[in-house]
Amino acid sequence: MVDFFAVQVAFLLFESIFCFISAIVSAVKNSRDKKAKHAVVFLNVLAGLMLLFDYLTYVLPGRVTPFSKFVMNLSTLSVFLICDLFLVAIIIYVSIVLFGHFDLRREQRCRFRFLTCCMLSVVGMVMVVISHFSELYYIIDEDNFYYRGDLFPLSVLIPVTGMAIILSILMQYRHKTTRSRFLALLSYIVFPLVGFLFQYFFYGFAYMDIGVAVSVHIMFIENIIYQNRQIQIAERTDIRTGLANEHGCMEWIRTRRNDVDLKDYAAVYFDLTKYTLINRKYGVESGNRILSAYASAFAAELEPDEFMGRQTGDQFIIIVRKENLPKSLELLKGLPVKFTDDTGKELTENISAQAGVYEIASSDIKGEEIVTYARTALDHSKSLGSREVVYMTKELMDKLEERKRFDLDIRYALEHEEFVPFYQPKVNSKTNMLCGAEALARWIHKDQIIDPGDFVPFMERNESICELDMYMLKKICSDIAQWKKEGIDILPISVNFSRRNLADPDLARKIDKIVKDSGISKELIEIEITETVDEFPLSTLKEFVDSLHDLGYSASIDDFGCGNSSMSVLREINFDTMKIDKGFIDRDHSKDLTILNHIIKLATDIGLKIVAEGVEQPAQVSTLKNFGANVIQGYYYDRPLPKEKMFERLKNPKYDKGEEE
Ligand code: C2E
Ligand code: CA
Ligand code: CA
């Protein structure tokens, strides 16, 4: 035979403990919504106390010590009081969940109903205290047994009325919260309410406590689910703009692909133009406001089935229907954004963006790929230095793929020393004697010799050219050191340095260190560099050349006569040597020859040595000689030679050419 009474008592104790544990768990849990958290803790503590006191009212009857009589009275009083206090706790919680706050003094929605509940609660509690001394609600006899009093129905009526009012608020504003949260709240009201009524008619069982216990369990579980969901949402949301972040973007693609055909959409990855300037102009705080105002303004232009997310900083992605793409691209050209600056003034700034587009080609493409393609299109647009929108196409994709492979090959080549210096002799045409050489890089790749024209321009896209130049310098120094050991006379070798190196303010010192480490003398190294206009100011080049001089190296200006060489370069920078570009020498119109003649004169007059490059024909040699340019580098004398051949040449520096005088 099951002892229902014992089960009930055990149940009450267990549930009371559970409520306290649940209150502690809620209290220590990190929650963004502090108000809701406090309300839950309050509710759970009340529920725990009520169950505990009710538990005592079940175990104490029959015990007639003064202490048990006192506890019985206290417990009964407390249970009745808590029933009324519960009303306040529940309205606070309901108000926070539905409206975000509870403050009867402020603009509180349903203020009248909330106030009525509070009044009921207060009246109820006063009545409980009065009845305790006048035995209106309940009587506790000498044997410590409890009986209902004449006015007992009133003790039920007050909380039940309050609950009904709260229920009406909850039903009216149920759309203000999620469905699961609404159901949990509903259970918190309905279960105790039903319990209350049951207990009224079926005296002897703790139905109300069961109702409270059930709803505390539901609330506990719902809270855990809700908080986890909040964490998940936070992980997918960008705090600044409220848009989805990178994870949110992936999530959107993953879930949307079930409902729509992604092939109908295009992804646009974009980057706000001049956002740094805006930040500087208005300050970071305002800059942040502009960013979120821009995000809201742009997102408002999208259709419900379209997406906008923030990736990083001022970079966003949108996924829009292909037919809406032109409209979005138009918005990217300029969108007026209203914001308030730090002084509170209302301002408008027109914000534009640079974009890359990927028109999604297949329905089952991965989210990561969509984003990468659109972003790569944007990167490509930036690398072109244009403001044009770049569309990611199959051709572009292949090209970029190839470039990536190429970059990997270059990296491998640098690590595995596949680059070697070749040396192209410089010859004094007057004496036919070798007078120096230029080191030129060759890439020995899969048994093929690759000329710099096929890799230098690519390496100049990134920093790898700087690595190559330093690497070449080391190799050249070690070749010279080796030749030196053989006891032959070495002539100066010029080494090419891309002007990309100028970004490094320590360049001259690094060059000096490599040369010193190799133990060769400084006069044997000459640095060749093209003049610079676009990337760096002339002053940077000047500083570099000056520090080379300070350290004891000479410098030459490469490819003079082609490109942007200007008089100011000659005036500002103290080069030692001018290398005249092949293109200049190739032309044989009388006008060109006159210019060549004058350049040579000018260079000689300002004390520059001259090297004529790319000389192939005997006629060119005699023209140059007539103009006074005697140092010749070109196929006429020699092609770039591998190290061993150069060694032979150094041993036999005399050329056997008809031009000899
Ligand atoms: P550059 O510094 O102007 O080098 C001269 C180029 O003209 C060399 O081409 C050389 O082989 C070629 N050349 C010399 N004489 C003649 C001739 O009579 N006829 C013809 N048609 N061509 C001649 P190369 O070796 O292919 O190098 C091309 C460019 O690559 C170089 O132009 C230089 O700008 C760059 N380069 C080569 N090695 C390096 C390096 O180690 N570092 C850097 N940064 N650039 C390098
Ligand atoms: Ca050169
Ligand atoms: Ca050159």
Side-chain angles (χ1 to χ4, degrees), residues 410 413-414 417-427 429 436-444 448-479 492-504 507 511 514 525-532 535 544 554-565 575-587 609-621 623-624 629 631-643 645-646 655 657:
I410 295 259
L414 279 168
E417 310 204 350
E418 289 185 350
F419 293 105
V420 294
F422 271 40
Y423 298 90
Q424 187 174 34
K426 293 176 195 167
V427 181
S429 62
E438 176 180 9
L440 294 156
R442 294 292 180 267
W443 181 6
I444 315 292
Q448 269 189 313
I449 299 180
I450 303 173
D451 282 339
D454 292 331
F455 58 85
V456 165
F458 296 100
M459 292 179 82
E460 281 197 314
R461 276 200 326 252
N462 53 43
E463 263 65 60
S464 63
I465 191 70
C466 305
E467 262 178 81
L468 176 74
D469 288 342
M470 286 300 174
Y471 165 97
M472 283 288 289
L473 179 65
K474 279 184 206 150
K475 285 266 166 203
I476 293 157
C477 289
S478 106
D479 282 356
I493 307 286
S494 39
V495 185
N496 288 287
F497 270 84
S498 159
R499 50 192 167 167
R500 273 212 152 239
N501 286 288
L502 291 178
D504 181 357
L507 181 61
I511 291 174
I514 292 175
I525 296 292
E526 181 185 49
I527 305 300
E528 256 181 43
I529 194 156
T530 50
E531 77 345 317
T532 164
E535 226 176 317
F544 172 57
S554 55
S556 67
I557 173 167
D558 205 354
D559 301 338
F560 191 84
C562 84
N564 299 306
S565 313
F575 280 111
D576 304 278
T577 306
M578 172 197 282
K579 292 193 85 173
I580 301 174
D581 187 54
K582 172 175 170 8
F584 226 92
I585 289 157
D586 277 347
R587 288 177 261 170
K609 284 181 259 171
I610 294 158
V611 176
E613 232 180 345
V615 178
E616 294 177 354
Q617 310 298 332
Q620 291 172 326
V621 180
T623 308
L624 286 161
V631 180
I632 308 273
Q633 178 189 342
Y635 294 173
Y636 176 74
Y637 287 107
D638 256 325
R639 288 184 172 252
L641 308 172
K643 176 179 154 187
K645 287 238 172 81
M646 186 64 205
Y655 279 80
K657 287 277 180 186

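Values below: all heavy atoms of this structure, side chains included; hydrogens, waters and symmetry mates excluded. Just so you know, ligand 1 is whichever comes first in the structure, and atom 1 is the first atom listed for that ligand. Since this is a predicted model, take the numbers as computed values, not measurements.
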N/O/S atom name from Asp558 that is nearest to the position of the Ca ion (ligand 2): OD2

Sub-3.5 Å N/O-N/O distance, Glu616 and ligand 1: yes

N, O or S of Asn496 under 3.0 Å from the Ca ion (ligand 2): yes

Where ligand 1 meets Ser498 - atom numbers and elements under 4.0 angstrom, heavy-atom basis: 44 (N)

Close approach of Arg442 to ligand 1, heavy atoms, under 4.0 angstrom: yes

Any N, O or S atom of Asp559 closer than 3.0 Å to the Ca ion (ligand 3): yes

Short N or O distance, Asp558 and ligand 1, threshold 3.5 Å exclusive: yes

Any Glu438 heavy atom less than 4.0 Å from ligand 1: yes

Ala441 N/O under 3.5 Å from ligand 1 N/O: yes

The Ca ion (ligand 2) contact by Glu528, N, O or S atom under 3.0 Å: yes

Atoms of ligand 1 close to Gly614 [distance to a heavy atom under 4.0 angstrom, numbered from 1]: 15 (N), 16 (C), 17 (C), 18 (O)

Numbered atoms of ligand 1 (with element) below 4.0 Å of Asp469, judged on heavy atoms: 40 (C), 41 (O), 42 (N), 43 (C), 44 (N)

